Amino acid sequence: MTITNFLLGEHAVFYAQFDNIEARLPEAESLPQVKSLGGMLAAALASHAQLENELLFDALDPHFGGSGPVAVMRAEHEQIEGTLDQIPAAEELDRAKSLLLHTITLARQHFAKEEQVLFPMAQQVLDDQTLSELGAQWAERRKVVLSS
Ligand SMILES: [Fe+2]
Ligand SMILES: [Fe+2]
């Protein structure tokens, strides 16, 4: 199994989480409730982005000189985290809701670019052994047992 397979699997779980938050938000009536949803999403997205940065993107950097599509994806991670970081300080319910919905929109767009551009590029640039070794590192970091 390769690193890109595993990261795609994480995206699938996020899509379910995005759908769930989008369905619940219109009925959310308290600021702490929205902040709690934002906090859970922030923690999950931060750990996903960190694994991408440290495993896949670091492996791709030598091929792109730290610029190009990899730099764009790293910048988008920061943009998404920056939006989520504003939620705890929000003083109005509508403001917190719109920040959370905006984050989900940004994340969906970002994930689509990874799935359609970056991951296919990684599968071309990195050899099969590297992709599998990075997959094994992913499993170790996520504490998932891989049968050999
Ligand atoms: Fe990402
Ligand atoms: Fe991703």
Side-chain angles (χ1 to χ4, degrees), residues 1-26 28 33-90 94-148:
M1 290 284 283
T2 65
I3 181 72
T4 45
N5 290 145
F6 292 131
L7 293 172
L8 283 170
E10 293 198 359
H11 283 193
V13 177
F14 275 109
Y15 290 140
Q17 200 176 349
F18 296 159
D19 289 347
N20 182 268
I21 292 173
E22 285 171 333
R24 289 169 64 181
L25 265 190
Q33 186 185 358
V34 175
K35 289 186 179 183
S36 166
L37 287 172
M40 284 191 282
L41 185 63
L45 280 172
S47 109
H48 176 71
Q50 187 178 8
L51 283 175
E52 285 182 338
N53 286 346
E54 294 177 8
L55 298 179
L56 186 62
F57 297 178
D58 280 1
L60 288 171
D61 273 338
H63 299 273
F64 294 98
S67 62
V70 181
V72 173
M73 292 302 104
R74 281 190 201 276
E76 289 185 1
H77 286 174
E78 288 178 17
Q79 186 189 9
I80 291 165
E81 282 165 23
T83 308
L84 281 167
D85 282 349
Q86 295 176 50
I87 295 177
D94 285 349
R95 169 74 177 153
K97 284 185 181 184
S98 79
L99 282 167
L100 190 46
L101 287 174
H102 182 55
T103 303
I104 291 174
T105 300
L106 289 177
R108 283 189 195 278
Q109 291 168 351
H110 171 77
F111 282 20
K113 285 183 222 171
E114 288 179 336
E115 291 166 21
Q116 291 162 28
V117 180
L118 196 86
F119 293 172
M121 197 181 290
Q123 283 160 343
Q124 290 199 333
V125 168
L126 302 174
D127 59 46
D128 290 348
Q129 189 185 345
T130 304
L131 289 164
S132 294
E133 283 172 3
L134 290 169
Q137 288 179 41
W138 172 90
E140 198 171 313
R141 297 273 294 265
R142 285 296 195 208
K143 300 185 170 43
V144 170
V145 177
L146 292 184
S147 57
S148 51

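Please read these numbers as outputs of a predicted model, since none were measured by experiment. In listed order, ligands and their atoms are each counted from 1.
Judged by distance alone, the side chain of Lys35 and the main-chain N or O of Ala90 form a donor-acceptor pair under 3.5 Å. Panel note: side chain Asn5, backbone Thr2; a donor-acceptor pair is recorded below 3.5 Å.
Taking the six-membered ring where the residue is Trp, Phe6 and Trp138 present parallel rings, their angle staying beneath 30° rather than reaching 60°.
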For this session: Evaluate side chain to side chain contact (heavy atoms under 4.5 Å, CB included) for Gln137 paired with Glu54, printing each intermediate quantity in order.
Result: CA-CA 10 Å; Gln137 288 179 41; Glu54 294 177 8; over 6 Å; no
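When ring centroids are compared, His11 and His48 come within the 6.0 Å threshold. Taking the centre of each ring, Phe119 and Phe111 stay at or above the 6.0 Å mark.
Summary: NE2 is the N/O/S atom of His77 found nearest to the Fe ion (ligand 1).
Protein N/O/S atoms found under 2.8 Å from the Fe ion (ligand 2), listed by chain and residue number: His11 NE2, His48 NE2, Glu52 OE2, Glu114 OE1.
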